[in-house]
Amino acid sequence: MRTSLCDELGIEHPVFGFTPSEHVAAAISRAGGLGVLGCVRFNDAEDLDRALTWMDENTDGKPYGVDIVMPATVPKEGTQIDLAGLIPQSHKEFVQQTLLKLGVPPLPDGEGGEGVLGWLHSVARSHVDVALEHPIRLIANALGSPPTDVIEQVHAAGVPVAALAGRAEHARRHVANGVDVVVAQGYEAGGHTGEVATMVLVPEIVDAVDVPVLAAGGIGSGRQAAAAMALGASGVWMGSYWLTTAEYTLGNSSTQEALLAAGSSDTVRTRIYTGKPARLLKTRWTEAWTSAEAPEPLPMPLQNLLVSEAHLRIARSDDPSVVSMPVGQVVGRMNEVRPVAEVMADLLAEFDATVERLTKLR
């Protein structure tokens, strides 16, 4: 499994593994893919710097990348305290009452936290600055094309830029702004996702742009990777599938327990996580937001600030029935905890077997 992107980025296989865990990202790179560390959970630039330093020391010299969350248009932005003042009291009361009904205990005294601030534009810019101090080989943006000055900054460092797209017109706009790689993320994908399915989206974007395209959404096997390549993709972008690997140790065991038990229909696309449409695992927490008394989710970044403490409490509760976790429909294939190297080896073996089987159809 090899395309021109492998030579350009110095990787063995065009398998791009997005993950919030530096341990998983490093393992993906060691296995021959490109581990892409999600930066959004790092509120402090120094924490991201430490994580990337660890990756520098634990990837065996293999390439890796990072993923930021930054809209193309620079928003007006206040401090967290300023923004918190924009959240209606009725929304806060709904969250507190819902947590009470779900039996989610409060945080211990003295614990709280500011939640995830990586959704803020200023924090995302600090992620770019820190990342460029390390030998990264790719910066991807989960919200499409970054501002053009950021693209210029990254290109000046000799690093290509990737951007996620859910429509062909988005992809054309990204390339016009200077993006080097487009990630065609279909409706099935976890996290922020559009309304067009991968099978339809990938060839549309491949035909619309003249840069490499990665297929994302619903990919968790060699057969699915082969299908993506048949659609014209230059590689695959996988995120959800790494959540049940042995190296994934963020959170607690209830998260993996919930994922392992879920089927492909046990996800929901909703704005309750960040304020933008994102696919999450369907749990009692997501169901509560569909009730008649639930308010409309707030726009980004207010929604994330609203639920940030709730996410901490849910994570601490160790209850798989209330987990708040972005994941794609491929969760139905995530049935056991395995090391990254084994997952990668199985994917590559099945890819080879699929391609061989298809050649016999001629």
Side-chain angles (χ1 to χ4, degrees), residues 1-6 11-19 24 27-36 164-166 181-191 193-194 196-207 212-248 256 259-267 279 281 326-362:
M1 187 177 181
R2 193 168 182 84
T3 65
S4 60
L5 275 180
C6 296
I11 56 180
E12 296 175 53
H13 312 291
V15 177
F16 294 68
F18 164 76
T19 172
V24 175
I28 293 168
S29 290
R30 292 196 303 269
L34 188 81
V36 181
L164 274 67
V181 178
V182 174
V183 181
Q185 177 147 295
Y187 177 78
E188 306 95 317
T193 185
V196 183
T198 303
M199 192 77 172
V200 175
L201 181 66
V202 172
E204 282 190 356
I205 290 184
V206 167
D207 292 345
V213 174
L214 303 178
I219 299 174
S221 70
R223 283 175 291 167
Q224 290 162 326
M229 307 296 262
L231 295 174
S234 296
V236 294
W237 176 279
M238 299 167 57
S240 299
Y241 214 64
W242 313 108
L243 293 172
T244 51
T245 55
E247 290 87 350
Y248 189 86
Q256 286 192 332
L259 294 172
L260 293 169
S264 58
S265 61
D266 294 325
T267 68
R279 186 171 298 282
L281 187 67
V327 70
Q329 293 178 333
V330 76
V331 69
R333 298 185 60 86
M334 296 157 52
N335 301 318
E336 59 180 328
V337 175
R338 298 188 295 159
V340 165
E342 183 179 318
V343 171
M344 182 74 82
D346 284 356
L347 184 146
L348 296 172
E350 188 177 74
F351 176 88
D352 288 342
T354 302
V355 172
E356 182 178 354
R357 177 172 57 83
L358 292 175
T359 59
K360 296 177 180 178
L361 299 180
R362 298 183 62 182

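Source: prediction; values computed, not measured.
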### Summary
For P14 and T3 the tightest heavy-atom approach is CB-OG1, 3.7 Å

### Message
If I take atom CZ from residue F351 and atom CE from residue M229, how far apart are they, to the nearest 0.5 angstrom?
### Response
5.0 Å

If you look only at distance, which donor and acceptor atoms sit under 3.5 Å apart when one is on a side chain in residues 331-349 and the other is two or more places apart or in another chain?
unit_1, atom_1, unit_2, atom_2, d
R338, NH1, D346, OD2, 2.4

### Task
Sort and list the pairs that fulfil salt bridge (charged side-chain N to carboxylate O under 4.0 Å, His left out) and have at least one residue in residues 230-248, not counting sequence neighbours.
none

### Message
I'd like to know if the side chain of Q256 and the backbone of L243 have a donor-acceptor N/O pair within less than 3.5 Å.
### Response
yes

### Residues in side chain to side chain donor-acceptor pair (under 3.5 Å) contact with Q224, at least two apart in sequence or another chain
S221

### Exercise: identify the closest heavy-atom pair between S240 and V330
CB-CG1, 3.8 Å

### Task
With sequence neighbours left out, write down each residue that passes side chain to side chain donor-acceptor pair (under 3.5 Å) with T193, or none if nothing qualifies.
none

### Query
Quick one: side-chain contact (heavy atoms from CB on, under 4.5 Å) partners of A216, sequence neighbours excluded?
V183, Q185, W237

### Task
Taking side chain to side chain donor-acceptor pair (under 3.5 Å) as the test, write out the residues that go with E204, two or more places apart.
none

### Message
Could you tell me if the side chain of I11 sits less than 4.5 Å from the side chain of C6, heavy atoms only?
### Response
yes

### Query
Taking the side chain as C-beta and beyond, is there a heavy-atom pair between L260 and T244 under 4.5 Å?
yes

### Task
Could you grab the distance from atom CD1 of I28 to atom CE of M238, nearest 0.5 Å is fine?
8.0 Å

### Task
Calculate, to the nearest 0.5 Å, the distance between atoms OG1 and CG belonging to T267 and L259 respectively.
11.5 Å

### Task
Check A184 against L201 and note the closest heavy-atom contact, atom names and distance.
C-CD2, 3.8 Å

Report all side-chain donor-acceptor pairs from residues 354-362 shorter than 3.5 Å, counting only partners two or more places apart or in another chain.
unit_1, atom_1, unit_2, atom_2, d
T354, OG1, E350, O, 2.7
T359, OG1, E356, O, 2.6

### Summary
side-chain contact (heavy atoms from CB on, under 4.5 Å) filter on E188, not counting sequence neighbours, yields A197, T198, Q329

## Note on the structure
Residue set satisfying side-chain contact (heavy atoms from CB on, under 4.5 Å) with P326, at least two apart, ordered chain then number -> Y273, L280

## Note on the structure
dist F18:CZ -> L214:CG (nearest 0.5 Å) comes out at 14.0 Å

### Task
List for me each residue that meets side-chain contact (heavy atoms from CB on, under 4.5 Å) alongside S4, sequence neighbours excluded, and say none if there are none.
E8

### Task
Using side chain to side chain donor-acceptor pair (under 3.5 Å) as the criterion, list what pairs up with D352, not counting sequence neighbours.
none

## Note on the structure
Closest non-hydrogen atoms of A225 and I219, given as atom of the first, atom of the second and distance, are N-CG2, 4.2 Å

### Query
Closest heavy-atom contact between L281 and A262?
CD1-CB, 3.6 Å

